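The structure displayed is predicted, hence computed values, not measured ones. Chain letters run A, B, ... following the sequence lines, proteins first and then strands; every chain starts at 1.
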There are 2 protein chains.
Amino acid sequence: MTRSVADSPRDDPRRAPSIVAPPSLVELAAATLRRMIVGGDLLCGDRIVENRLTRELGISRPPLREALRMLEREGLVHQVPRKGAIVTPLTLHDIYEIFTLRGEYERFAVQLGVPVRDASRLRRCREALGRMAEAAEADDEPSFAEYSFEFHVSIVGLSGHRRLEEAYRSLQLQMMLSMAMNRRARERETLTEDLQRHRRLLEVIEGGDTDMVLRELSRHGDRTFLDGIESRVQGHTDVALEWLRQERANSQQLG
Amino acid sequence: MTRSVADSPRDDPRRAPSIVAPPSLVELAAATLRRMIVGGDLLCGDRIVENRLTRELGISRPPLREALRMLEREGLVHQVPRKGAIVTPLTLHDIYEIFTLRGEYERFAVQLGVPVRDASRLRRCREALGRMAEAAEADDEPSFAEYSFEFHVSIVGLSGHRRLEEAYRSLQLQMMLSMAMNRRARERETLTEDLQRHRRLLEVIEGGDTDMVLRELSRHGDRTFLDGIESRVQGHTDVALEWLRQERANSQQLG
DNA sequence: GCGTAGACTATTGTCTACAGCAGACAGCAA
DNA sequence: TTGCTGTCTGCTGTAGACAATAGTCTACGC
């Protein structure tokens, strides 16, 4: 794995392009933790004991604690004073929040970024898609998920809106966390089919018709994930249940 | 000042309601730093030297560093490995990003939250407005800004969407940072006029007509702040300049 | 006079150690 | 046997110290 799904964006235009990007233990620890969480090594609600992790990662507590603070603000970790940290437990309401907000981010990004002005941004999408294809070829599901993540972020990146992209990246991580709860749901769909969906999306984007992209996005969603979700999580608020009903109705209508 | 604009939300429903909420030095340091930054004690681009701050705040470096990590993810502070931290410098493009994304957040929140279902959420808005009125009465501008901040956050809180509210809170802090760059612009408008604007907004919200709230919001903006902004910041991208032109055209048309 | 190499200072990155609090368990009493 | 209380262990919160690196200033050579 050459680049983690969880690395901080290194392409901040404010920083002069340096030949070497010296990593700090904090960033490395944060990246590793993100991988562990979205990869399913740590499940929702699991306690995160600092001493144990320092042994596993081979670092001392201060950098680990700073990394935990970062993940806390990203929403992957929940810290309670004097009681420690746990992987954020997700309720159905949380999943409702994650999906709806992600939808808004994507919609706004497409409105800003399509038709595409900057060719280099499109290249970034194509590269991610290319890596997805390679991973699908090799039947390497972790890598596929990683590059799928990068692909979606790069789509939002078309907007040229860094804050939007960063917010989206953070939320997308939470989405991967929620999906780590039930991997089985995704197995129904083959990597190849998934790849096709993404390829079609990029084609529509290159077409430049904003509305058509929005329609394609609305049917793009990972709705298979939502099947039977109520039985696997708690926190069933009214709005969340209502949203779930709507999503399923749309899903049937479209596909 | 009983409650900082920068305090973390204590009303997380996942945490059992405890009699005492023991503060940690990290949170206290983060709150203090936020106040210093949005209050204008630290200006954009100012270096943040850890040792100096530990002396000023009377704490040691580890909690301060953790606080800095939090502010970094909030976008108020920019850290470069082995070179230290600075208060995030803002370009015109940054201001474009902050304003546009904030607008999207507010729009989405209103769509979800108006008409209001939960009366307790409305009470929160009214309380913030009440405190604004008190501050205006006393001609206490810092407090007024603080409660205005809380008012806007509580408006977004009507949506019942915690992640949206948190993202909005973070962005609103950056907006206050950008406004700290030129306090003069706001002096033209009296606190009373400002209060009236907010009061009208809340009335429209209580009316329950979503579209009408959106219209009111679109003319609510702090556009006086944008006057002559180009000369005070750098980073003039094309999209940012185009946006600025649009904003001014809308501003003239509406008011 | 200008450029460069060296040392020095200031600042960040990291680690170890100690203090304080929370939860668990055992012992005692009713 | 059940409930309470005291102790005890493990964890987090914080502090201070050490190591490493970047920036700067000075002195030397060309």
Taking [Y]'s backbone N and O only, do any of them form a donor-acceptor pair with [X]'s side chain (distance below 3.5 Å, no angle check)?
| X | Y | answer |
| --- | --- | --- |
| A:S170 | A:A167 | no |
| A:E97 | B:R163 | yes |
| A:T88 | A:L76 | yes |

Problem - base_contact_polar (C:dG23 base, A:R82 side chain, donor-acceptor, <3.5 Å) - result: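 Donor-acceptor pair under 3.5 Å: no.
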Problem - Any B:R61 side-chain N or O less than 4.0 Å from OP1/OP2 of D:dA15 - result: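 Checking B:R61 against D:dA15: no side-chain N or O falls below 4.0 Å of OP1 or OP2.
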Practice task
Scan B:P62 against the nucleic acid and name what it touches under 4.0 Å (heavy atoms): base, sugar-phosphate only, or nothing.
Solution key: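 Counting heavy atoms under 4.0 Å across all strands, the contact made by B:P62 includes a base.
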Problem - Salt bridge flag under 4.0 Å for residues A:E74 and A:R169 - result: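 No, A:E74 and A:R169 are not salt-bridged.
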Handout entry: B:R162 with B:E165: basic N within carboxylate O range, under 4.0 Å
Key =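 Answer for the salt bridge query: no.
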Practice task
Determine whether B:R73 and A:R69 make a side-chain contact, defined as any pair of heavy atoms from C-beta on separated by less than 4.5 Å.
Solution key: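 Answer no - side chains too far apart.
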Practice task
Would you tell me whether B:E104 and A:Y105 have side-chain atoms, one donor and one acceptor, within less than 3.5 Å of each other?
Solution key: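 No, because no side-chain N or O of B:E104 sits under 3.5 Å from a partner of the opposite role on A:Y105.
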Problem - Footprint string (nucleotides 6-11 of chain D, 5' to 3'): B base within contact, S backbone only, - free, heavy atoms under 4.0 Å - result: -----S
Grab the [atom1]-[atom2] distance between [X] and [N] for me, whole Å please.
| X | N | atom1 | atom2 | answer |
| --- | --- | --- | --- | --- |
| B:L53 | C:dT11 | CG | C1' | 13 Å |
| B:R65 | D:dG13 | CZ | P | 17 Å |
| B:L68 | C:dT14 | CG | P | 15 Å |
| A:L64 | D:dG13 | CG | P | 12 Å |
| A:R55 | C:dC15 | CZ | P | 15 Å |
| B:E66 | C:dG13 | CD | C1' | 14 Å |
| B:L25 | C:dG20 | CG | P | 13 Å |
| B:L28 | D:dG13 | CG | C1' | 12 Å |

Problem - Terminal helix-axis angle for the helix from C:dG1-D:dC30 to C:dA30-D:dT1, with five pairs defining each axis and rounding to 10 degrees - result: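 Taking the rotation axis at each end, their angle is 0°.
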Exercise for the section: Find the distance between CG (A:L122) and CG (A:L129) and round it off to the nearest 0.5 Å. Expected result: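 Atom-to-atom, A:L122:CG and A:L129:CG are 11.5 Å apart.
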Practice task
May I ask you to decide if the ring planes of A:F225 and A:F99 are parallel, tilted or perpendicular, using 30° and 60° as cut-offs?
Solution key: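 Parallel, since the angle between the ring planes stays under 30°.
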